Amino acid sequence: MRTAIACLGLLLSSTLDAIEVEYSDHVFAAGHQSLQYWLLPSPVPTPADNPQTSEKIALGKMLFFDPRLSGDSNMSCATCHNPMLAWSDNQSVALGYRSQKLTRSTPPIINVAYNHLQMWDGRLRTLEEQALAPMEAQLEMHANLKAKVALLQSIEGYVEAFSLAFPGEEISKQTMAKAIASFERTIISDSSNFDAWVKGDKGALTSVEIEGFKLFINPKKGNCSVCHSAPNFTDDGFHNIGLASFGDKQPDLGRYKQRPLNLMKGAFKTPTLRDVALSAPFFMTVLLQH
């Protein structure tokens, strides 16, 4: 055990040393080469078995906004992932089937195409898997997908849309998932003032904002980027940040249920900070001065 802790300490020390070198190499000037790793790569990552097409995206959008795909035909994917609310719902916890309160908040789906794992606990790997999971979840959309596939097969507009998006394939759970995932891969935030500044627009950020970015990535000061790292302002990792619910008798163990390691108890996925100003409720910290 002591050996493992010592190795972990050495790893963290080496990581911080690497970050320090990287930080010292920064030139905080618009468009400088040292800042370019903060730009999201293009094109958006897409699996080989589900290449993007305009037909798939159009079909996925139809499905994403269609409340008929829920158990009581009263909520769609967009009910929780509302584009007018930064693709979330502004609720402290999500509301599921028949408006019952769930146990976790709705994560914004901005830039989820860049995630290596999906969901707060990372239980799903691909957007195709994620696309159908809330539909089938009894406490969320509560849908019988076999019945929903039959419904889509009976609607002329969907029959035509699926035919265009997936020539020679049937309407199925798999094609539904691929279409929704294709649409979700278009929900991208990569044109903020920060991105413009990194690309070379000197007036995109104020001097105060630039100072804030310096603190954000400085390992001896803010060190925010150790978790909210480039380019998507997330390390795609899982951390226990001391949520109040962890003191409950039956706390949400988060990632621990997927990876039963003590370090993962109460650990949840690091959310991206892209468009965070648009996505309430906001995480707040209180600084106490003694």
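Note that the coordinates shown come from a computational prediction; the quantities given were computed from them, not determined experimentally.
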> What closest approach, in Å, do Ile210 and Leu205 show between heavy atoms, and which atom pair accounts for it?
Replying inline: CG1-CB, 3.9 Å
>> Could you go through Leu152 and Leu69, starting from their C-alpha distance and side-chain angles, then the distance that decides it, and tell me whether this counts as side chain to side chain contact (heavy atoms under 4.5 Å, CB included)?
In response: CA-CA 9 Å; Leu152 295 175; Leu69 297 183; 4.1 Å; yes
> Which pairs with one or both residues in residues 145-167 pass side chain to side chain donor-acceptor pair (under 3.5 Å), sequence neighbours excluded?
Replying inline: Asp66-Tyr158
> So which heavy atom on Glu128 is nearest to which on Pro47, and how close?
Replying inline: OE2-CG, 3.8 Å
>> Among residues at least two apart in sequence or on other chains, which ones pass salt bridge (Lys or Arg N to Asp or Glu O under 4.0 Å) with Lys269?
In response: Asp236
> Shared ILVMFWY cluster between Trp38 and Leu40, side chains joined below 4.5 angstrom?
Replying inline: no
>> Distance check, rounded to the nearest 0.5 Å: Leu253 atom CG versus Asn240 atom CG?
In response: 10.0 Å
> Using the ring of each side chain (for Trp, its six-membered ring), is His26 parallel, tilted or perpendicular to Phe28, with breaks at 30° and 60°?
Replying inline: parallel
> Which residues satisfy the salt bridge (Lys or Arg N to Asp or Glu O under 4.0 Å) test with Glu136, sequence neighbours excluded?
Replying inline: Lys173
> Any link between Met176 and Ile187 through a network of hydrophobic side chains (Ile, Leu, Val, Met, Phe, Trp, Tyr) touching at under 4.5 Å?
Replying inline: yes
> Do the non-hydrogen side-chain atoms of Thr103 and Val93 ever get within less than 4.5 Å of each other?
Replying inline: no
> Donor-acceptor pair, Gln100 side chain versus Tyr97 backbone, under 3.5 Å?
Replying inline: yes
>> Taking Ile188 as the starting point, is it possible to reach Leu278 by hopping between hydrophobic residues whose side chains are less than 4.5 Å apart?
In response: no
>> Determine whether a donor-acceptor pair (N or O, by modelled atom type, separation under 3.5 Å) exists between the side chain of Thr234 and the backbone of Thr270.
In response: yes
>> Can you list, by chain and residue number, the hydrophobic cluster partners of Leu139 when the side-chain cut-off is 4.5 Å?
In response: Leu102
> Who pairs with Ser182 by side chain to side chain contact (heavy atoms under 4.5 Å, CB included), at least two apart in sequence or on another chain?
Replying inline: Asn50, Gln52, Lys56, Ile57
>> Are Leu117 and Arg255 packed together at the side-chain level, in the sense that at least one heavy-atom pair is separated by less than 4.5 angstrom?
In response: yes
>> If the condition is side-chain hydrogen bond (donor to acceptor under 3.5 Å, both in side chains), which residues does Lys178 pass it with, not counting sequence neighbours?
In response: none
> Checking side chain to side chain contact (heavy atoms under 4.5 Å, CB included) for the pair Tyr23/Lys214: CA distance, chi angles, key distance, verdict?
Replying inline: CA-CA 9 Å; Tyr23 177 76; Lys214 290 180 183 179; 4.0 Å; yes
> Quick one: does NZ or CZ of Lys265 land under 6.0 Å from the six-membered ring centre of Tyr256, within 45 degrees of the ring axis?
Replying inline: yes
>> Can you confirm whether or not the ring centre of Trp120 sits under 6.0 Å from the ring centre of Phe238?
In response: no
>> Give me the atom names and distance for the closest heavy-atom approach of Pro41 to Tyr114.
In response: O-OH, 2.7 Å
> With distance as the sole criterion, is a donor-acceptor pair present between the side chains of Asp89 and Thr106 under 3.5 Å?
Replying inline: yes
>> Would you say that Val159 contacts Ile171 through its side chain, given a criterion of any heavy-atom pair below 4.5 Å between the two side chains?
In response: yes
> Is Ile217 reachable from Phe233 through a run of hydrophobic residues whose side-chain heavy atoms are each under 4.5 Å from the next?
Replying inline: yes
>> Counting only heavy atoms not in Lys199 (residues, nucleotides, ligands), do more than 12 fall under 6.0 Å from its NZ?
In response: yes
>> Tell me whether Thr175 contacts the main-chain N or O of Ser172 through its side chain, where contact means a donor paired with an acceptor under 3.5 Å.
In response: yes
>> With rounding to the nearest 0.5 angstrom, report the CH2 to CG distance, Trp87 to Asn111.
In response: 12.0 Å
> Which pair of heavy atoms, one from Gly31 and one from Gln36, lies closest together, and at what distance?
Replying inline: O-NE2, 3.4 Å
>> I need the minimum non-hydrogen distance between Ser105 and Pro107, along with the two atoms involved.
In response: O-CD, 3.3 Å
> Which heavy atom in Thr46 sits nearest to a heavy atom in Val44, and how many Å separate them?
Replying inline: OG1-O, 3.1 Å
> Taking only residues two or more places apart in sequence or in another chain, which ones pass side chain to side chain contact (heavy atoms under 4.5 Å, CB included) with Val27?
Replying inline: Ala29, His32, Ser34
> At what distance, to the nearest 0.5 angstrom, does CG of Asn115 lie from CG of Leu127?
Replying inline: 7.5 Å
>> Starting from Leu164 and following side-chain heavy-atom contacts under 4.5 Å between hydrophobic residues (I, L, V, M, F, W, Y), which residues can be reached?
In response: none
> Mind checking what makes side-chain hydrogen bond (donor to acceptor under 3.5 Å, both in side chains) contact with His142, not counting sequence neighbours?
Replying inline: Gln138
> Can you say whether the rings of Phe65 and Phe183 are parallel (under 30°), tilted (30 to 60°) or perpendicular (over 60°)?
Replying inline: perpendicular
>> Arg104: which residues meet the salt bridge (Lys or Arg N to Asp or Glu O under 4.0 Å) condition with it, sequence neighbours left out?
In response: Asp121, Asp252
> How many angstroms lie between CZ in Phe213 and CZ in Phe194, if you round to the nearest 0.5 Å?
Replying inline: 4.0 Å
> Got a donor-acceptor contact below 3.5 angstrom from the Thr272 side chain to the Asn232 backbone?
Replying inline: yes
> Distance from Gln130 atom CD to Cys77 atom SG, nearest 0.5 Å?
Replying inline: 8.0 Å
> Where do His228 and Asp235 land on the side chain to side chain contact (heavy atoms under 4.5 Å, CB included) test, with the steps shown first?
Replying inline: CA-CA 6 Å; His228 297 286; Asp235 62 358; over 6 Å; no
> Can you list the other members of the hydrophobic cluster that holds Met119, where links are side-chain heavy atoms under 4.5 angstrom apart?
Replying inline: Leu124
> Does NZ belonging to Lys221 count more than 12 external heavy atoms closer than 6.0 Å?
Replying inline: no
>> Checking Glu209 now: which residues fulfil salt bridge (Lys or Arg N to Asp or Glu O under 4.0 Å) with it, not counting sequence neighbours?
In response: none
>> Apply side chain to side chain contact (heavy atoms under 4.5 Å, CB included) to residues Gln91 and Leu85 and explain how you reach the verdict.
In response: CA-CA 10 Å; Gln91 302 290 328; Leu85 299 173; over 6 Å; no
> Would Ile180 end up clustered with Leu145 when hydrophobic side chains under 4.5 Å apart are linked, directly or stepwise?
Replying inline: yes
> In Å, rounded to the nearest 0.5 Å, how long is the span from CZ of Arg98 to CE of Met75?
Replying inline: 12.5 Å
